[in-house]
Amino acid sequence: MKALEIKGLEVIFRAWRRRAVHAVRGVDLSVEENEVVGFLGPNGAGKTTVIHVLLGFIEPTRGEARVFDRDVRQSIARQRIGYLPEHPQLYRFLTGRELLTYSGRLFGLKGSSLRDAVERMLEFTGLGEAADRKIASYSRGMLQRIGIGQALINDPDLVILDEPTSGLDPLGRLEIRRMIGDLRTRGKTVFFSSHELSEVELVSDRVVILTAGRVVAEGRIEELMPAGKRLEQYFVEVVGASWAREAAGS
Amino acid sequence: MRRVLTIARIVWLEMIRRKDFYVLAIILAALLFMLLTADVFGLGSTPRYLVDSGLLMAWIASSVLAVFLVGRQLPAEERDGTVFPLLAKPISRGQLIVGKWLGGWLACAAATAVFYLLVTAVAVLREWSPDWLTLLQCWTLHVCALAVMSALALAFSTRLTYGAVVTMALVIIGGSIWMLPQVPTLAMYASGLRMDAMLLLYYLLPHFELFDMRRRLVHDWGPVDWTIFARIAAYAALLAALLLVVAWLSYRHKMFRRSELL
């Protein structure tokens, strides 16, 4: 079974008295179970829109998206997903422990399994000491860690990370890299967007490059690039060529 | 249902921790204390005016609380970006709507109970002997009205900003309480389209005056007949359910884009 599958996805944003924005143009994409896939593209390429379709925040204009063979428009499709937004915005009036308990309950956890999951996540994120402090008092790094905790509380099979290293210091980035490695070891599927190409190169099995709402390159890193070439160089070439085609077409 | 209750619990916790309720309770207590010590128009010796004024303040405070607390739930989730981790969980938009309404309504009901206790305690100090059954009915119908007010604020908040929600909801609630009962009299002096529009407004807007039992309590008219009581409660349930359906219809396909929100 595929962890996620997108067919002919198109998203057009229409607003009254504003020009329609064609954010995603016929994206086909699939991710196998136990794969780590980096989702790349310049700003405004449509990465976050695709991720938001997968999570049901946005309904596709055309095409379909499925997670573990369930239509993403069904809320139950999100039962096996863990999601970390780019800048985790969380309830500041709750403590870290309360937030994890709340997230676990929304995933249907209860009783001792909920308590165990909360303790496990506090240990995993290293927030045991700050567990009973209000989130309002957390630093940027702690916010990212509690964000990871709420995303992984249900032991998800598919983890979707939207720019997980954005705004983090080198140690924070290292922690995220370790976490992705750990998830891979545990047989989880990870789909993440990032601008940190060196990080992507280190942790991904496969990359998908999106430009102007279209997939312009997709494959395993060693297949896409000849030996000695860096992902950053390849990315610039592919995106540049795509922009040149767009300019020639228009 | 567990997920709905989980969402409701967060609204409840928010009310307790954001301190709006404490501010309203302190203002109410201060006003009651002023009424208790001052002898306005020589009415100081009678507790009736104290109960009447106290319950009027409880109505105002609880209505403001319902509109401010429930009306900010969805706009705040969107403005702060907390809607993303929330909707990434396996909950439907319908569960979110019901959870937010239920949490806000129950929190307001509890706050209203505190306001009633405060008013009753102060009035008892002035040797008022309340008719407990009428008082209970008075509070219950007040809570029914709050269910409708909360649903109204929530329905507006699915598409409007917080400021617009508060303005719209308070204008409708205030207008319904103070102006709507006068509309049939005004309609008698109108004709044609103007009369039709007035009557349409009269039947379309919620009749909050039905839930107000203050006069029965203040003038010792005794409890209302249980059949009438049940009909008014059913009217509130129907109105709240209708408004929640409107809220769900408006919210179920709503798109959330980070660039628009942050």
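Reminder, nothing fancy here: chain letters follow the sequence lines and each chain counts from 1.
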### Query
Given that the side chain runs from C-beta out, which part of B:Arg3 has a heavy atom under 4.5 Å from chain A: side chain, backbone, both or neither?
both
### Query
Is any side-chain heavy atom of A:Ile135 closer than 4.5 Å to a side-chain heavy atom of A:Thr95?
no
### Query
Could B:Arg9 and B:Trp12 be counted as a cation-pi pair, given that NZ or CZ must be under 6.0 Å from the ring centre and within 45° of the axis?
no
#### Entry: Region of A:Leu94 in contact with chain B, defined by heavy-atom distances below 4.5 Å
both
### Query
Which atoms of A:Glu98 come close to chain B, meaning under 4.5 Å heavy atom to heavy atom: side chain ones, backbone ones, both, or neither?
side chain
#### Entry: Nearest heavy-atom neighbours spanning A:Ile81 and A:Pro156
C-CB, 3.6 Å
### Query
In terms of heavy-atom pairs under 4.5 Å, which option from A:Thr101, A:Ile58, A:Leu55 contacts chain B the most?
A:Ile58
### Query
Quick one: what part of A:Lys110 sits under 4.5 Å from any heavy atom of chain B, side chain, backbone, both or neither?
both
### Task
Could you tell me if the ring centre of B:Phe256 sits under 6.0 Å from that of B:Tyr251?
yes
### Message
Between B:Thr82 and B:Glu77, is there a side-chain donor-acceptor contact under 3.5 Å, judged purely by atom types and distance?
### Response
yes
### Message
Report which part of A:Tyr91 has an atom under 4.5 Å of a heavy atom belonging to chain B: side chain, backbone, both, or neither.
### Response
both
